[in-house]
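Being a predicted model, the structure only gives us computed values, none of them experimental. As a basis for the values below, the full set of heavy atoms in this structure was taken, side chains included, without hydrogen atoms, waters or symmetry mates. All ligand and atom numbering here is 1-based and tracks the order in the structure.
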Amino acid sequence: MRRAVTGLGHGTDNAFLVIAGICVILFLLIIGLTAYFVLRYRRSKGEVPEDIHGNALLETAWTILPIFIVLYMFYYGWLGYDARRKAPEGALTVKANGQMWAWSFEYDGAVMSDRLVVPVGRPVRVVLSSSDIIHSLYVPAFRIKQDAVPGLERMVWFTADKTGEYDLFCTEYCGTGHSQMLSKAVVMKEAEFTAWLAGTAAANRPSPGAEERPSGADLFKAKGCSACHTTDGRPLVGPTLKAIFGKKVRVSTAGKEREVEIDEEYLRRSELDPATDVVVGFPPIMPPQKGVLKEEELNALVEYIKGLK
Ligand code: CUA
């Protein structure tokens, strides 16, 4: 698999190659000897020697040798593990948060992104948390994989040495939307990264004088809505939100089916407490947003959904 990191990435690849190499050698040795003995001492040749009852030299050898082989593998694993425990001083810190079913990345406590954007050649320290259950951040090209655990802060770091876009996964099964909890890690040149950070910060910040109003379209992605709901008419884990405002839908309310018209009231209720009215044909799995969304975020999302034609 393509690699976009040095240092730690070499550690991972070395440990993998050493262990895989030893396994291949042992496999060939064991299968080879088995095949040889089957042929050499087959019954029809009548060459079966008398029973052997123990051989001190052989037994000592096959006890001591594997100990060294296993320690050798451990040594390579340890090298990689030890290097990962502490990020270098001056590393760029990015906060990553997992929730059902999207990642969000925070820079300088303010700039939010749904992609992990990093500069090339600079160590990056990712501090992981989760809003609900255990997720796991996995970027194969960076050779990193770390759980995001609710109530705990975990850390993982890397230095990317090739610009480009790399796959980023959730690799801990976290429910129906798990397979769609995908994003990208983007490695940019330092200058590009600085510009991106400033641009995203400016886009997130309300212009002076204007009231603070987060964009509904951005929230829709950042809050993970788009993992389950499309805006183009395709049903996903949840129903599509295309042109639903004013429509009538069949919902299940406390086990009874009924028809409701989608108005503002319904949209608000469905976000804060989605289990109240569940659209028929879809599982009741949406995480409630009560206490998660701020009032202005809720308003922006409702406005956004109303405007989806
Ligand atoms: Cu989050 Cu799987």
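Annotation: side-chain hydrogen bond (donor to acceptor under 3.5 Å, both in side chains) contacts involving residues 168-190, sequence neighbours excluded, comprise Arg122-Glu190, Asp167-Lys184. Applying the side-chain hydrogen bond (donor to acceptor under 3.5 Å, both in side chains) test to every pair with at least one member in residues 53-63, sequence neighbours left out, gives no pairs at all.
Checked against side chain to side chain contact (heavy atoms under 4.5 Å, CB included), Glu89 has the following partners two or more places apart in sequence or in another chain: Lys86.
Tyr76 has its ring centre less than 6.0 Å from the ring centre of Tyr72. Between Trp78 and Tyr81, the ring center distance clears the sub-6.0 Å criterion.
For atom 1 (Cu) of ligand 1, the set of protein N/O/S atoms nearer than 2.8 Å consists of His135 ND1, Cys170 SG, Cys174 SG, Met181 SD, ordered by chain and number.
Among the candidates Leu65, Leu71, Ile69, the single residue satisfying the side-chain contact (heavy atoms from CB on, under 4.5 Å) test with Ile67 is Leu71.
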